[in-house]
Structure formats: structure tokens, C-alpha cells
Amino acid sequence: GQQLNQSPQSMFIQEGEDVSMNCTSSSIFNTWLWYKQDPGEGPVLLIALYKAGELTSNGRLTAQFGITRKDSFLNISASIPSDVGIYFCAGQPVWDNNDMRFGAGTRLTVKP
Amino acid sequence: DGGITQSPKYLFRKEGQNVTLSCEQNLNHDAMYWYRQDPGQGLRLIYYSQIVNDFQKGDIAEGYSVSREKKESFPLTVTSAQKNPTAFYLCASSLRPGPGYGYTFGSGTRLTVV
């Protein structure tokens, strides 16, 4: 099945820097979700987006549902060491409401 | 506290053996899912269940089997027919299937075939 294209694959940043990652698809999605996974644990939901153009924040995290419904981005401002982990985008395509597709993840490393 | 529990955390299996991974949730969620995670890849769907006594194959169901006899439980059996079973397995649940319902994930089971 089609997966989402997530970039970048990995990022190495200094504490305090801002981070941006995105997810794209050739198909239209109904829902975009962003998860964070700590090593050896399951992903935890950060932000959920349900409408095209929607911009939602959760603390230092901001995510947007692209206007074309084919993409989404996640920004992290003023990164801290505990932001380290793998960030996944996920989406539910319009052709299958019971399906959830995942990106390959962005591995974030924050240097103190 | 409600949540979703996977056990065991680590599992070692000899080649040719079947092994069952447990997934239990007390969130009263209708839908449950099994995903496989390999390094550098997104989560791939193995099986999902929308209601008790019903389940559907995902993208990579070959070599796996499931059951959904109770709403709370969705065990996954990795059979000897699975050619490359070493992976991190994640169970998830959602209140309902369909758009708008985010998934709650368990903490995973790391299976290693020795």
C-alpha cells in the first residue's frame, strides 16, 4: 500500500534551534496526524488535523494540514534535549476511511 | 488509568516456532490494529479488527494470524511461515474505525528470531 513521503529522514540540531519536517502524498487525505516515538516505545499522538488549511499548536509544536490535502508539516520551536526521538506523520486517505498510512519517520537528535 | 498493554516487551524465538504476542486494552475501543516496524521504514499494517469476531488482512498479513474473541484483546501469532519475523511489533486501538479517530499505541514487543 502507498506510504507517505516524509522528510528529512534525520536531523541533527543544536538545543534552542527550530525544526521543520514535512509529509507529502500524491493522494488526498482526510486526516493528518503527527506522532512522536521514544526508543523502544510506541508512538504517542502529538497533534491531529482534520480540515484543509487547519493550523494547530501543542506547546512548542505547530502543525498544518496542507491546503491541497496532500501534505502536512510539523514545526518544533526552541528545541530541547527531550525532543529527541522519531517523529511520524500519519494520514487517513479519502479512498479508505478505515486505513491509516504512515511516513518512514524523521529521527531528531538535539545536541545540548 | 486506561491504556493499551503489550506483552512481553522482548521475545526470542527459535526458527520454526510459532509465537503469540499479547495486546490488551481497557479503553473500550472498538477497533484494534497490529503494525510491524522495521528500521528506516514506516509502520506497516499486518491485521486490523473493527469489531469483535471480525478482522481483516492488512498489507503484510502473510505468515501472521490474529483473533478477536473479546473486545479488549487482539493477540497476534507469528507463525513459522513468516520469512523474516525479527522486528518491532506495535498494537494500536481507536475508539471507532474511520476518519477522525486517532490511534493509541502500546509500547511494543521486540521479537528476535535466533
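First the proteins, then the strands, lettered A, B, ... as listed; each starts at 1. Every heavy atom of this structure was used, including side-chain atoms; hydrogens, water molecules and symmetry mates were not.
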NZ of B/Lys9: more than 12 outside heavy atoms within 6.0 angstrom?
-> yes
When the 4.5 angstrom heavy-atom criterion is applied to B/Gln50 and chain A, the contacting part is side chain
Among A/Cys89, A/Gly91, A/Pro43, which residue forms the greatest number of heavy-atom pairs with chain B at distances under 4.5 Å?
-> A/Pro43
Begin from the C-alpha positions of A/Tyr35 and B/Tyr103 and carry the test ring pair (Phe, Tyr, Trp, His ring centres under 6.0 Å) through to its verdict.
-> CA-CA 10 Å; A/Tyr35 289 87; B/Tyr103 291 4; 7.5 Å; no
Under 6.0 Å from the CZ atom of A/Arg107, do we count more than 12 heavy atoms belonging to anything else shown?
-> no
Write down the atom of A/Glu41, the atom of B/Leu90, and the distance for their closest heavy-atom approach.
-> O-CD2, 4.5 Å
Can you establish whether the number of heavy atoms outside A/Glu15 located under 6.0 Å from its atom CD is more than 12?
-> yes
For residues A/Met100 and B/Tyr35, determine if any side-chain heavy atom of one lies less than 4.5 Å from a side-chain heavy atom of the other.
-> yes
Evaluate whether atom CD of A/Gln14 has more than 12 neighbouring non-hydrogen atoms of other residues, nucleotides or ligands under 6.0 angstrom away.
-> yes
May I ask whether A/Val84 and A/Leu46 are part of the same hydrophobic cluster, defined by side-chain heavy atoms of I, L, V, M, F, W, Y residues being less than 4.5 angstrom apart, directly or through others?
-> yes
Is B/Leu43 close to A/Gln37 at the side-chain level, that is, under 4.5 Å between some pair of heavy atoms?
-> no
So does B/Gln17 have more than 12 non-hydrogen atoms from other groups sitting under 6.0 Å from CD?
-> yes
So which part of B/Gln37 gets closer than 4.5 Å to some heavy atom of chain A, the side chain, the backbone, both or neither?
-> side chain
